[in-house]
Structure formats: C-alpha cells, structure tokens
J.: 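Please read through the structure below; I'll follow up with questions.
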Amino acid sequence: MEKEAKIYVAGGQSLIGAAILRELESQGYGHLLGKYTEGLDLTDPSQVDAYFATTKPEYVFLAAGKSGGIRANQKYPAELMRDNLLSECHVIHSAYQQGVKKLLYLASSCSYPKLCLQPMKEEYLMAGHLEPSNEAYATAKIAGIKLCQAYRRQYGVNFICAIPANAFGPGDDFSEEDSHVIPGLIRRMHEAKQKEDSSFLIWGTGAPRREFIFSRDLAEACILVMKKYEEVEPINLGLGSDISIAELAGLVKEIIGFPGEISFDPSKPDGMPVKLLDSRKLQALNWEPRTPFKSALAATYQWFLQSEEKQDRGPRVEEKIRQTGRN
Ligand SMILES: NC(=O)c1ccc[n+]([C@@H]2O[C@H](COP(=O)([O-])OP(=O)(O)OC[C@H]3O[C@@H](n4cnc5c(N)ncnc54)[C@H](OP(=O)(O)O)[C@@H]3O)[C@@H](O)[C@H]2O)c1
C-alpha cells in the first residue's frame with residue numbers, strides 16, 4: 001500500500017474505523033477518505049456508487065455497519081441485519097466496479113458458532129448454530145465474508161476478510177444500553193465511585209474468560225493484514241490470550257480508584273466460559289500488540305472522563321437507529 005495511495009475507511013467515525021484512520025495518518029498515509037460521513041448512507045446503492053465514482057479509492061477498509069449490545073440485538077434484529085447486509089453489499093460491489101486494488105472487510109467473532117471449539121480457528125466458521133440472541137447480525141456479518149469470497153472467485157478481485165476480537169478504546173460507546181463489557185464496566189464503576197458505593201456487583205461468577213484488543217493495536221493489525229495478507233479465508237485478529245471478568249474488574253477498579261468491594265451474583269448467567277480466537281495466522285505475520293493491557297484500559301478511562309466533561313457519550317445505537325432515518 002503506497003504512501004500516496006487513496007484509502008477509504010468506511011465507518012471512519014467508528015471505534016475501529018477512527019483508530020485505523022489515526023494509525024494510517026501516523027504511518028504517513030496522507031490521502032485518506034472517510035473521516036467525515038458527509039451524510040453518505042451506505043445502505044443506498046446510488047449514494048455509494050456516486051461516492052466511489054467521484055473519489056476513486058484504491059484501498060478500502062470496510063469497518064461500517066450497525067452493531068449493538070444484547071438489548072439492541074433483541075429489539076432491532078431486522079435493522080441490524082438489513083443495515084449490515086446492504087452496506088457490505090453496496091461497498092463491495094462499488095469497490096469491484098471502480099477497480100479498488102484491495103479491500104479489507106471486518107466481520108465479527110459472533111460469526112463463530114455458539115458452541116465453537118476453543119480457541120476458535122478460522123476453519124470453524126459455519127460449523128455449527130449461531131448464538132440465537134445475535135443470529136441476525138451474525139448472519140449478515142457471515143454474508144459479508146461470503147460476498148468477498150464470491151467476488152474474488154468470480155471477478156478475481158483482492159478482497160480479504162478479518163475477524164477482530166472484542167475491541168475497546170477511545171471513542172467507544174459507553175452508554176448504559178449498548179456498551180460492551182469494558183466500556184460498560186468503566187462507566188458503572190466510575191458512577192459507583194462518584195456515589196461512594198461500598199460495593200460493586202457484577203452479574204455471574206466472574207469466571208468467564210474473554211479476549212479484548214485495544215483499538216490502536218487492532219488498527220495496526222488491520223493495516224498489516226491489508227499490506228500482507230492475501231488469502232481467501234478470513235484471518236482472526238486477536239491477542240491469543242484472554243482474561244477473566246473478575247481479573248478485568250480488578251484492573252478497572254485499580255485504574256478508576258474505586259475503593260469499594262467487587263462482588264459477584266452467581267445466580268445470573270455467565271454465558272460462554274471461554275471465547276478466544278486462534279490468531280496464529282496473524283502472529284505468523286509478526287504482529288504483536290504494542291500497548292500493555294493496563295495502559296490501554298487507562299487510556300480508555302481517560303477518554304471517557306474527557307467525553308464526560310464534554311457531556312458527549314456518543315449517541316446510543318437505539319437512538320442512532322431512530323435518528324438516522326437510514327432504515
Ligand atoms: N467493536 C468491536 O468489538 C467489533 C468486534 C468485531 C467486529 N467489529 C466490526 O467492525 C466494524 C466496526 O466496528 P465498530 O465497533 O468500530 O463500529 P461502531 O462504533 O458501531 O460504528 C459503526 C460505523 O458504521 C457507520 N454506519 C453504520 N451504518 C451506516 C450507514 N448506513 N451508512 C454509513 N455509515 C454507517 C456508523 O456511522 P454513524 O455513526 O454515522 O451511524 C459508524 O461509523 C463493524 O463492522 C463491526 O461489525 C467490531
């Protein structure tokens with residue numbers, strides 16, 4: 001990927017997309033598109049066609065599409081599925097039509113079967129039933145992988161797919177309704193500290209283990225994969241190591257300086273005991289995370305504090321679905 005190449009990051013305001021843009025900038029790429037949406041609706045084929053025809057990007061990172069927590073997945077499965085299907089369909093087709101040199105599509109680890117063998121190898125995709133609560137979203141993400149593969153097969157284009165672990169970092173969604181594990185813990189524990197609560201309750205036993213990747217490290221991995229990965233099969237983007245929810249909560253407590261006790265409610269469900277990607281293909285490209293996990297958590301907390309000051313926690317997914325009128 002030449003330094004003067006024209007690079008479009010679809011979803012450039014997303015947690016991951018914004019981190020990719022920042023990382024590209026810091027690596028000296030100067031011709032970047034996607035920082036501002038300019039009202040571009042990726043579910044509208046005529047808008048996507050016109051955007052590609054006018055801007056003519058040479059490389060595309062496809063990091064757009066709606067996602068949400070359990071609540072959004074249960075309440076809006078149709079919107080989540082439709083928005084993702086349409087966006088990936090139109091971006092991939094326009095990229096093909098405009099002769100994009102290479103496209104990286106970001107799928108999701110919920111594309112793996114609910115009862116997947118651990119660690120999850122790329123070859124386990126579609127080897128079992130999906131988790132029912134996010135089946136609609138996960139199906140759309142799998143369709144994106146299959147679409148890239150179909151375009152490769154029929155048109156010989158260099159479109160590749162990656163499956164990131166749970167990302168977190170500055171710009172994350174800290175809202176009560178849609179936040180994922182880390183931003184949710186940070187917000188709730190920060191509020192508990194402010195209220196001077198003596199204890200902090202976490203659902204489940206705290207034993208489940210999860211894999212998290214800092215958005216900046218993930219952005220580096222995405223750029224590396226764009227430069228070096230050429231295979232038809234997707235590539236997992238994870239650290240290859242995980243942490244228990246109890247250990248994570250302990251670290252967040254230290255960073256926030258919450259003086260109370262952390263307790264667990266084992267009557268609440270734990271979910272999968274382990275969810276870990278097998279990222280040996282990524283390691284074989286000589287990638288390793290640059291940011292120590294605790295520093296990454298601290299940077300995320302700092303961003304949260306600053307955004308609290310600005311009273312800007314970012315619009316919630318449910319609000320976005322209502323407001324954008326895209327659906
Ligand atoms: N976050 C994770 O842990 C994670 C893990 C694995 C995979 N992924 C995948 O990685 C990608 C990026 O994830 P993320 O968490 O960084 O995303 P995100 O923060 O939820 O943001 C999604 C982005 O897509 C844009 N978008 C959604 N619908 C659009 C439409 N119709 N037209 C134009 N733009 C649209 C949003 O723009 P607006 O804000 O303007 O709506 C936003 O910039 C997604 O495809 C997701 O499935 C994420």
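For ligands, and for the atoms within them, numbers begin at 1 and follow the listed sequence. Keep in mind that the numbers below use all heavy atoms, side chains included, and drop hydrogens, waters and symmetry copies.
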J.: Return the option from A138, S111, A63, G169 holding the heavy atom at the smallest distance from atom 12 (C) of ligand 1.
T.: A63

J.: Please report whether ligand 1 has a polar contact with G65, defined as an N or O pair separated by less than 3.5 Å (distance criterion only).
T.: yes

J.: So is Y137 polar-close to ligand 1, meaning N/O to N/O under 3.5 Å?
T.: yes

J.: Quick one: look at A10 and ligand 1, take heavy-atom pairs under 4.0 Å, and tell me if it's side chain, backbone, both or neither.
T.: neither

J.: Salt-bridged, K294 to E254, with N to O below 4.0 Å?
T.: yes

J.: Between L86 and ligand 1, which residue portion shows a heavy-atom distance shorter than 4.0 Å: side chain, backbone, both, or neither?
T.: neither

J.: List every atom of ligand 1 that sits less than 4.0 Å from any heavy atom of L42, numbering the atoms from 1 in the order shown and giving each element.
T.: 30 (C), 31 (N), 32 (N), 33 (C), 34 (N)

J.: If we only count N/O pairs under 3.5 Å, is N166 in contact with ligand 1?
T.: no

J.: Geometry only, no angles: is N84 polar-contacting ligand 1 at N/O separations under 3.5 Å?
T.: no

J.: Should E220 and R290 count as an ion pair when the cut-off is N to O under 4.0 Å?
T.: yes

J.: Looking only at distances, please establish whether an N/O atom of ligand 1 is found under 3.5 Å from an N/O atom of G12.
T.: no

J.: Which ligand 1 atoms does D83 reach within 4.0 Å, using its non-hydrogen atoms?
T.: 27 (C), 28 (N), 29 (C), 31 (N)

J.: Taking the inter-plane angle between the rings of H190 and F304 on a 0 to 90° scale, is it parallel (under 30°), tilted (30 to 60°) or perpendicular (over 60°)?
T.: perpendicular

J.: What are the two closest heavy atoms between I20 and V9, and how far apart are they?
T.: CG2-CG2, 4.0 Å

J.: With distance as the sole test, does K141 use its side chain to make a donor-acceptor pair with the main-chain N or O of M81 at under 3.5 Å?
T.: no

J.: Would you say ligand 1 has an N or O under 3.5 Å from any N or O of G17?
T.: no

J.: Measure from the side-chain N and O atoms of N134 to the backbone N and O of N73, and report whether any donor-acceptor pair falls under 3.5 Å.
T.: no

J.: Salt bridge check, R209 against E247: does any charged N sit closer than 4.0 Å to a carboxylate O?
T.: yes

J.: I'd like to check whether L62 has a polar contact with ligand 1, where a contact means an N/O of the residue lying under 3.5 Å from an N/O of the ligand.
T.: no

J.: Relative to the heavy atoms of K141, which atoms of ligand 1 are at a distance of less than 4.0 Å?
T.: 44 (C), 45 (O), 46 (C), 47 (O)

J.: Determine whether D49 and S94 satisfy the following criterion, side chain to side chain donor-acceptor pair (under 3.5 Å), listing intermediate values before the conclusion.
T.: CA-CA 6 Å; D49 275 356; S94 292; 2.8 Å; yes

J.: For the pair K195 and E191, find out whether any cationic side-chain nitrogen is under 4.0 Å from an anionic carboxylate oxygen.
T.: no

J.: Under a heavy-atom criterion of less than 4.0 Å, does A107 contact ligand 1?
T.: yes

J.: Describe, in one word, how the ring planes of Y96 and Y151 are oriented to each other, choosing from parallel (under 30°), tilted (30 to 60°) and perpendicular (over 60°).
T.: perpendicular

J.: Is a salt bridge present between E58 and K6, judged by a nitrogen-to-oxygen distance below 4.0 Å?
T.: no

J.: Is there a polar contact between ligand 1 and H180, counting only N or O atoms under 3.5 Å apart?
T.: no

J.: Considering distance alone, does some N or O of S14 sit under 3.5 Å from an N or O of ligand 1?
T.: yes

J.: Less than 4.0 Å between a side-chain N and a carboxylate O, is that true for E25 and K35?
T.: yes

J.: What atoms of ligand 1 come closer than 4.0 angstrom to any heavy atom of L15?
T.: 16 (O), 19 (O)

J.: Quick one: does F168 get within less than 4.0 Å of ligand 1, heavy atoms only?
T.: no

J.: Find all atoms of ligand 1 within a distance of less than 4.0 Å from any non-hydrogen atom belonging to D41, and give their numbers and elements.
T.: 30 (C), 31 (N), 32 (N)

J.: Apply side chain to side chain donor-acceptor pair (under 3.5 Å) to the pair D217 and T291, showing each step before the final yes or no.
T.: CA-CA 7 Å; D217 294 339; T291 323; 2.8 Å; yes

J.: Show me which atoms of ligand 1 lie under 4.0 Å from any heavy atom of L40.
T.: 32 (N), 33 (C)

J.: In ligand 1, which numbered atoms sit nearer than 4.0 Å to a non-hydrogen atom of T43?
T.: 31 (N)

J.: Looking at P164, which atoms of ligand 1 are within less than 4.0 Å of one of its heavy atoms?
T.: 6 (C), 7 (C)

